[in-house]
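These notes concern the structure reproduced below.
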Amino acid sequence: MRLLLLALTLALPLHAAPTPLPVVAVSSTGQRNAGFLVSAEADGLVISNAPQGGNSLKLLYSNIAELNVEEPKGWSPALARLNAGNYAEAETAFSTFADDYAAIVPWKDGYGSLARLYHFRALKGLGKFAELATAMDRQLAKPLVLGDLSKTHFNDLRGWAILAKADLQALQSYLNEFIDTSASKQWSLQPPFKKDLPARFVASLAYLRGHLHEKQQRPELALLDYSTAMTCNNGSDHTVFAMACLAALKITAAKATAQPTDELLRKAANSLAITYRDLAAQGKLPAEFAPFAPLPEPPTAPAPAKK
């Protein structure tokens, strides 16, 4: 009996095939087309009259005046988890969505492309940069089709995938795409990033450039960029904030250790150690930095009054 149950279990699919999404598309001539979204192509959507397939027609994007596609079940809760920083659950959910709706990736900013983009974002949030690089490379065979806002997120993710590959030349080329070449360099130690970029993206770029400076033995410039990464968007990207804070702490602690009489360095290391411990690491600090953030002495009990 146990062998039979095991055989039946193994025979069952691990994940049921998704039902094509209900869709209503109104053409530019006013014709209403209702059915199920089967797939997407570079020039249009393929709609079937039945969820299991059947008669289908392709509507060109250029001929669609109005489009209403039903949201996949569980999509909104998964997106809420992603935006709230619950990356582990979001990664699982959007990985499944991306596989389920791979056939509609060519639909611009549709559920196929967005699901994979959100999957990438969750991987970044988890710090799984090697997995992100692998997933993005795999997607090259079927590129995501994204609008301007989504492209900004995608461009951010490209940098973290390059970071995982430890290709400094590719990282420099990537960063050069977002440097403001028109800005005056007279009062800047290094060129600023383009002004129209969202603060969250600039924070990522600053961390990545700081990392590049570190690898090129320019710790002072690295510290400037790590500071920008921590403060540019008020630390709202927790992953970037934590990584930048720890990187800055490592550099500053090494300097303070090498120059034990430098009070400013000691105070800077103390500030970074406390910030990292309390805001990024849930109260835990690597042992090597413990001397820079000593815990306060417990209050002593008052001496008993003399009679």
Side-chain angles (χ1 to χ4, degrees), residues 14-16 18-19 21 69-102 104-105 109-139 144 146-164 197-208 211 226 229-247 249 274-286:
L14 294 178
H15 177 69
T19 300
L21 301 174
V69 181
E70 186 172 305
E71 181 180 276
K73 185 178 180 181
W75 180 274
S76 289
L79 186 56
R81 287 192 287 270
L82 176 66
N83 291 332
N86 187 346
Y87 298 119
E89 291 186 19
E91 191 270 329
T92 299
F94 283 113
S95 176
T96 299
F97 283 134
D99 291 342
D100 286 349
Y101 299 107
I104 59 174
V105 161
D109 270 349
Y111 293 115
S113 284
L114 289 182
R116 188 59 73 189
L117 177 69
Y118 295 161
H119 175 223
F120 292 161
R121 285 177 55 188
L123 288 173
K124 176 202 168 185
L126 291 169
K128 295 182 177 180
F129 304 128
E131 290 186 31
L132 172 63
T134 300
M136 293 189 80
D137 284 347
R138 190 182 301 122
Q139 195 64 43
L144 304 183
L146 303 167
D148 290 341
L149 179 60
S150 298
K151 282 180 181 176
T152 299
H153 284 296
F154 185 79
N155 281 331
D156 176 15
L157 294 161
R158 284 199 297 124
W160 296 92
I162 293 171
L163 177 73
L197 298 176
R200 191 180 182 95
F201 187 19
V202 173
S204 282
L205 291 170
Y207 174 83
L208 293 170
H211 174 81
Y226 290 145
M230 292 172 62
T231 60
C232 185
N233 65 342
N234 296 319
S236 64
D237 188 329
H238 185 77
T239 302
V240 175
F241 175 84
M243 293 178 66
C245 188
L246 181 59
L249 174 57
I274 292 173
T275 300
Y276 181 74
R277 181 192 67 198
D278 295 349
L279 299 183
Q282 283 127 20
K284 299 177 182 178
L285 189 67

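None of these values were measured; they are calculated from a predicted model.
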Run the side-chain donor-acceptor check on residues 125-135: report pairs under 3.5 Å with partners two or more places apart or on a different chain.
| residue | atom | partner | partner atom | Å |
| --- | --- | --- | --- | --- |
| T134 | OG1 | A130 | O | 3.1 |

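Atom CD1 of I162 sits about 8.5 Å away from atom CG of L208, to the nearest 0.5 Å. The CG atom of L285 sits 9.5 Å away from atom CD1 of I274, with the distance rounded to the nearest 0.5 Å. In this structure, Q139 CD and L144 CG are separated by 4.5 Å, a value rounded to the nearest 0.5 Å. Here the OG atom belonging to S204 is positioned 10.5 Å from the NE2 atom belonging to H153, to the nearest 0.5 angstrom. To the nearest 0.5 angstrom, F154 atom CZ is 14.5 Å from L149 atom CG.
Judged as a side-chain contact (heavy atoms from CB on, under 4.5 Å), and not counting sequence neighbours, the contacts of E70 are P22. Scanning for side chain to side chain donor-acceptor pair (under 3.5 Å) contacts around D137 gives K165, with sequence neighbours left out. The side-chain contact (heavy atoms from CB on, under 4.5 Å) search around D109 returns L114, L146, S150, not counting sequence neighbours. S113 is linked by a side chain to side chain donor-acceptor pair (under 3.5 Å) to nothing, counting only residues two or more places apart in sequence or in another chain. Partners of T92 under the side chain to side chain donor-acceptor pair (under 3.5 Å) rule, at least two apart in sequence or in another chain, do not exist in this structure. For H211, the side-chain contact (heavy atoms from CB on, under 4.5 Å) partners two or more places apart in sequence, or in a different chain, are L163, L171, Y207, K215, Y226. Residues forming a side chain to side chain donor-acceptor pair (under 3.5 Å) with R81 (at least two apart in sequence, or on another chain): E89. Residues meeting the side-chain contact (heavy atoms from CB on, under 4.5 Å) test with N233, sequence neighbours left out: A199, R200, A203, S236, D237. For F120, the ring pair (Phe, Tyr, Trp, His ring centres under 6.0 Å) criterion is met by no residue, not counting sequence neighbours.
Within the structure, ring pair (Phe, Tyr, Trp, His ring centres under 6.0 Å) pairs that include any residue of residues 75-94 comprise W75-F94, W75-F97, W75-Y111, W75-Y118, F94-F97, F94-Y118 (at least two apart or interchain).
Here the closest heavy-atom approach between residue G74 and residue P77 is recorded as O-CD, 3.3 Å. Residue Y276 comes nearest to K284 through the heavy atom pair CE2-O, 4.3 Å, listed as atom of the first residue, atom of the second, then distance. Of all heavy-atom pairs between A229 and A206, the closest is N-CB, 3.8 Å. Residues A98 and R116 come closest through the heavy atom pair CB-CZ, 3.2 Å.
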**OP:** For N83 and L79, run side chain to side chain contact (heavy atoms under 4.5 Å, CB included): C-alpha distance rounded to whole Å, both residues' side-chain angles, the deciding distance at 0.1 Å, then the answer.
**Re:** CA-CA 6 Å; N83 291 332; L79 186 56; 3.8 Å; yes

Subject >> Evaluation steps, side chain to side chain contact (heavy atoms under 4.5 Å, CB included), between V240 and D156 >> reply: CA-CA 12 Å; V240 175; D156 176 15; over 6 Å; no

**OP:** Start with the C-alpha gap between E91 and H119, add the side-chain angles, then the distance that decides, and say whether side chain to side chain contact (heavy atoms under 4.5 Å, CB included) holds.
**Re:** CA-CA 5 Å; E91 191 270 329; H119 175 223; 3.1 Å; yes

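Put simply, the side chain of T275 does not reach to within 4.5 Å of the side chain of L249, judged on heavy atoms. The side-chain heavy atoms of P72 and D100, taken from C-beta on, include no pair separated by under 4.5 Å.
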